[in-house]
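What follows is a single structure, written as structure tokens, with notes after it.
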Amino acid sequence: MQSAEIARRFLAYFEAQGHAIVPSASLVADDPTLLFVVAGMQPFKPYLLGQRTPPSRRVADVQKCVRTLDIEEVGKTTRHATFFQMLGNWSFGDYFKEEAIPFAWELLTRSERDGGFGFPESKLWATVLHGDDEAHAIWRRKVGVPDSRIQRRGLNDNYWHMGVPGPGGPCSEIYYDRGPAYGREGGPEADEDRYLEIWNLVFMQDQLSAVRKKDDFDVEGPLPHRNVDTGMGLERMASLLQGVENIYEIDTTYRILARAAELTEQEYGSDRRADVALRVVADHVRSAVMLISDGVLPSNDGRGYVLRRIIRRAVLAARRLGTETAVTPALTETTAAVMGEAYPNLREEMGVVQSVLEREEAGFDRTLRTGLTLLEGTLDEVRGAGATVLPGEAAFRLHDTHGFPIELTEELAAEAGVSVDRAAYDDRMAEQRSRARQAARAPNAADEACYRQLLEHEHRGGEQCQERAGELGHGGHSGVGVHEWAGGAVPLETARAVSMRSGASFLRISSSVQRLVGAEMLMAPTGCPPSPITGAATVRSLR
């Protein structure tokens with residue numbers, strides 16, 4: 001069963017149960033505590049907390065997510081990926097456990113001919129939180145799962161929250177038994193490789209005021225309404241229904257991987273190290289394409305830094321496979337073809353995405369050539385001296401002088417059996433930031449004179465302003481956009497909003513706008529019309 005068909009069946013089933021179908025939210029998190037949407041429930045947080053009125057009390061969706069916490073594990077395991085999609089059904093103060101559990105069971109076990117997923121009942125297990133006798137009774141008496149296939153587990157396994165203050169609650173998870181070839185008997189408690197989680201039913205009922213660990217948090221009180229939040233990983237479900245061993249070999253991801261293998265002249269499945277690298281390329285390029293299409297741009301901080309790291313890891317993996325030619329333009333086309341049915345904007349914005357990735361790949365190639373040579377020489381010196389730690393000063397010079405990322409230094413050093421003195425590196429970075437802050441406070445006469453000239457030019461400029469969406473943003477629900485006015489005018493406050501929303505530095509946005517449209521970020525002259533995005537006055541630039 002293809003990934004698109006899995007999503008279609010999921011949404012069709014819940015639409016028949018009275019759920020409104022809503023599109024995926026942007027990957028750019030509308031939440032000050034997070035950079036990206038990392039879970040399917042995140043865009044619904046205001047509804048779960050009772051802060052906003054939901055579009056319907058019953059909702060279903062397919063939400064795109066990006067998570068980089070375990071980015072080093074991507075490609076090495078069968079389960080880790082930076083980009084994934086979550087199928088979910090939601091109840092905002094409507095139904096609770098009594099209906100949520102039977103809904104899930106029916107869709108999973110209904111025959112494929114009748115619109116379900118066709119899982120054998122005997123292969124499915126359920127878990128509940130210790131003390132949740134209500135959920136246990138529903139599984140046992142209403143659904144009919146034997147007690148031997150229902151396991152009670154602790155907070156680490158069967159209580160869900162986002163890792164930050166907000167909604168939380170006990171959950172009941174459904175597992176599929178892949179058989180004795182994958183591990184020992186005994187249910188999920190014994191072996192989660194053999195017993196694979198396929199659906200998590202979260203019963204949101206608590207407001208958490210503090211979260212220290214997965215199983216260490218403070219419950220402030222009950223939520224305004226009891227809610228249901230369920231999550232089914234589309235890629236994991238596809239791997240089971242397509243009979244493949246891992247998420248990289250499902251219909252969507254494998255097409256990107258196969259194209260990467262073609263570009264690097266590799267044969268997937270013939271060498272483990274090459275396979276890992278190909279998986280990294282396929283996963284990371286797809287993540288980068290999805291992030292850029294939602295308005296995120298590579299930079300040195302915030303969201304842009306995470307994106308830059310993802311792109312650089314993909315490029316490094318491709319170079320280590322032996323290719324020196326650019327891979328991101330072709331892989332962008334494949335990604336847009338694969339994901340375009342679900343996200344049509346990818347096809348519309350493919351040219352912009354390709355341009356961003358191509359520039360980033362070319363820039364990193366220059367960094368890589370210099371940095372790798374220097375790092376390899378330094379590692380040889382460290383090992384030649386019988387040491388196992390790369391000095392923090394050496395790592396700092398690689399970063400400060402050559403732009404070589406510390407994470408890449410650490411990864412490559414670890415492969416050589418060498419650790420990095422991160423504390424010393426962090427100290428040198430702190431010293432550098434302190435010097436930069438002091439320098440920023442000092443007035444610069446040349447800059448001041450140039451700024452006056454620009455202001456004088458502004459007062460001589462024309463008055464008419466027109467808005468055109470720029471390459472830096474895509475508006476829409478992401479709320480991130482930079483605009484060019486007639487004569488190159490750009491709204492200063494919009495640029496600041498972009499910086500805050502996207503995580504990109506203001507300097508980065510300014511330089512990017514100058515490169516793209518020849519505009520300068522200036523204070524607005526009196527009388528220029530307000531921006532339709534922010535309500536702030538706009539500015540015009542030199543041409």
Side-chain angles (χ1 to χ4, degrees), residues 1-10 24 27 62-66 74-87 232-294 310-311 313-315 317-323 325-354 356-358 361:
M1 189 181 298
Q2 300 294 289
S3 296
E5 178 61 14
I6 295 170
R8 189 200 65 77
R9 288 182 181 226
F10 184 93
S24 172
L27 284 168
V62 182
Q63 173 62 44
K64 50 190 175 183
C65 306
V66 164
V74 170
K76 299 175 184 176
T77 74
T78 61
R79 292 186 284 181
H80 285 92
T82 55
F83 175 83
F84 57 98
Q85 299 163 90
M86 294 301 296
L87 308 171
M232 173 195 290
L234 176 56
E235 287 78 9
R236 182 175 294 184
M237 179 62 77
S239 71
L240 290 173
L241 293 177
Q242 293 172 20
V244 296
E245 291 298 313
N246 61 66
I247 59 174
Y248 303 102
E249 296 172 10
I250 64 173
D251 59 319
T252 50
T253 313
Y254 188 75
R255 285 177 60 187
I256 306 170
L257 188 153
R259 184 68 174 119
E262 181 183 342
L263 293 169
T264 57
E265 299 182 348
Q266 299 291 322
E267 183 180 348
Y268 182 69
S270 61
D271 178 80
R272 171 165 168 73
R273 292 189 67 178
D275 289 351
V276 170
L278 287 170
R279 292 169 186 166
V280 169
V281 173
D283 171 83
H284 285 14
V285 170
R286 181 167 73 157
S287 294
V289 169
M290 301 303 292
L291 285 168
I292 295 168
S293 72
D294 272 353
I310 290 172
I311 297 169
R313 280 177 55 86
V315 173
R319 298 296 174 265
R320 296 174 95 180
L321 287 170
T323 183
T325 57
V327 296
T328 55
L331 292 177
T332 299
E333 288 183 13
T334 304
T335 302
V338 168
M339 306 297 293
E341 182 179 347
Y343 307 104
N345 66 303
L346 291 181
R347 292 168 177 163
E348 299 165 6
E349 298 166 0
M350 186 176 69
V352 172
V353 175
Q354 279 182 314
V356 172
L357 282 171
E358 194 168 8
E361 182 173 6

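These numbers were taken from a predicted model, which means no experiment stands behind them.
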For this session: Check whether any side-chain heavy atom of R236 lies under 4.5 Å from a side-chain heavy atom of F84, and answer yes or no.
Result: no
Seminar exercise, completed: Nearest heavy-atom approach of L234 to A7 is CD1-N, 4.3 Å
Exercise. Taking atom OG of S24 and atom CE of M86, what is their separation to the nearest 0.5 Å?
Worked result: 12.0 Å
Problem set entry | Any side-chain heavy-atom pair of T82 and H284 under 4.5 Å | yes
Exercise. When rounded to the nearest 0.5 angstrom, what distance separates OG in S3 from CD in Q85?
Worked result: 7.5 Å
Problem set entry | Beyond-backbone contact of K64 with M339, side-chain heavy atoms, under 4.5 angstrom | no
Exercise. Is there side-chain contact between R79 and I247, with heavy atoms separated by less than 4.5 Å?
Worked result: no
Problem set entry | From R8 atom CZ to M1 atom CE, the distance as rounded to the nearest 0.5 Å | 9.0 Å
Exercise. Would L278 and T264 count as a side-chain contact (heavy atoms from CB on, under 4.5 Å) if you check the C-alpha gap in whole Å, the side-chain angles of each, and the deciding distance to 0.1 Å?
Worked result: CA-CA 9 Å; L278 287 170; T264 57; 3.7 Å; yes
For this session: Would you indicate whether the side-chain heavy atoms of M237 and L87 approach each other to under 4.5 Å?
Result: no
Exercise. Heavy atoms, side chains only, cut-off 4.5 Å: are V244 and S239 in contact?
Worked result: yes
For this session: Would you give the length of the straight line joining atom CG of L357 to atom CD1 of I292, rounded to the nearest 0.5 angstrom?
Result: 3.5 Å
Exercise. Side chains of E348 and N345: donor-acceptor distance under 3.5 Å anywhere?
Worked result: no
Problem set entry | Atom pair CG/CG of D275 and L321 - distance to nearest 0.5 Å | 9.5 Å
For this session: Might you work through the side-chain contact (heavy atoms from CB on, under 4.5 Å) test for I310 and L291, ending with a clear yes or no?
Result: CA-CA 10 Å; I310 290 172; L291 285 168; 4.1 Å; yes
For this session: Measure from the side-chain N and O atoms of R319 to the backbone N and O of T325, and report whether any donor-acceptor pair falls under 3.5 Å.
Result: yes
Exercise. Is the number of heavy atoms from other residues, nucleotides or ligands within 6.0 Å of CD (E341) greater than 12?
Worked result: no
Exercise. Can you name the nearest heavy-atom pair linking A336 to L346, along with the distance?
Worked result: CB-O, 4.1 Å
Exercise. Judged by atom type as modelled, is there a donor-acceptor pair below 3.5 Å linking the side chain of Y248 to the main-chain atoms of G75?
Worked result: yes
Exercise. Do T253 and D283 come close enough that some side-chain heavy atom pair is under 4.5 Å?
Worked result: no
Exercise. Between CD of E5 and CG of L241, what distance do you get to the nearest 0.5 Å?
Worked result: 10.5 Å
Exercise. Has the side chain of S287 got a donor or acceptor atom that lies under 3.5 Å from a matching backbone atom of F83?
Worked result: yes
For this session: Check the pair N246 / R279 against side-chain contact (heavy atoms from CB on, under 4.5 Å), numbers first and verdict last.
Result: CA-CA 11 Å; N246 61 66; R279 292 169 186 166; 3.7 Å; yes
Seminar exercise, completed: Taking every heavy atom of V280 against every heavy atom of V74, the minimum-distance pair comes out as CG2-O, 3.4 Å
For this session: Return the set of residues passing ring pair (Phe, Tyr, Trp, His ring centres under 6.0 Å) with Y343 (not counting sequence neighbours), or none when no residue passes.
Result: none
For this session: Quick one: which residue pairs count as a side-chain hydrogen bond (donor to acceptor under 3.5 Å, both in side chains) with a foot in residues 326-339, not counting sequence neighbours?
Result: T328-E361, E333-Q354
Exercise. Taking side chain as C-beta onward, heavy atoms only, is Y254 less than 4.5 Å from Q242?
Worked result: no
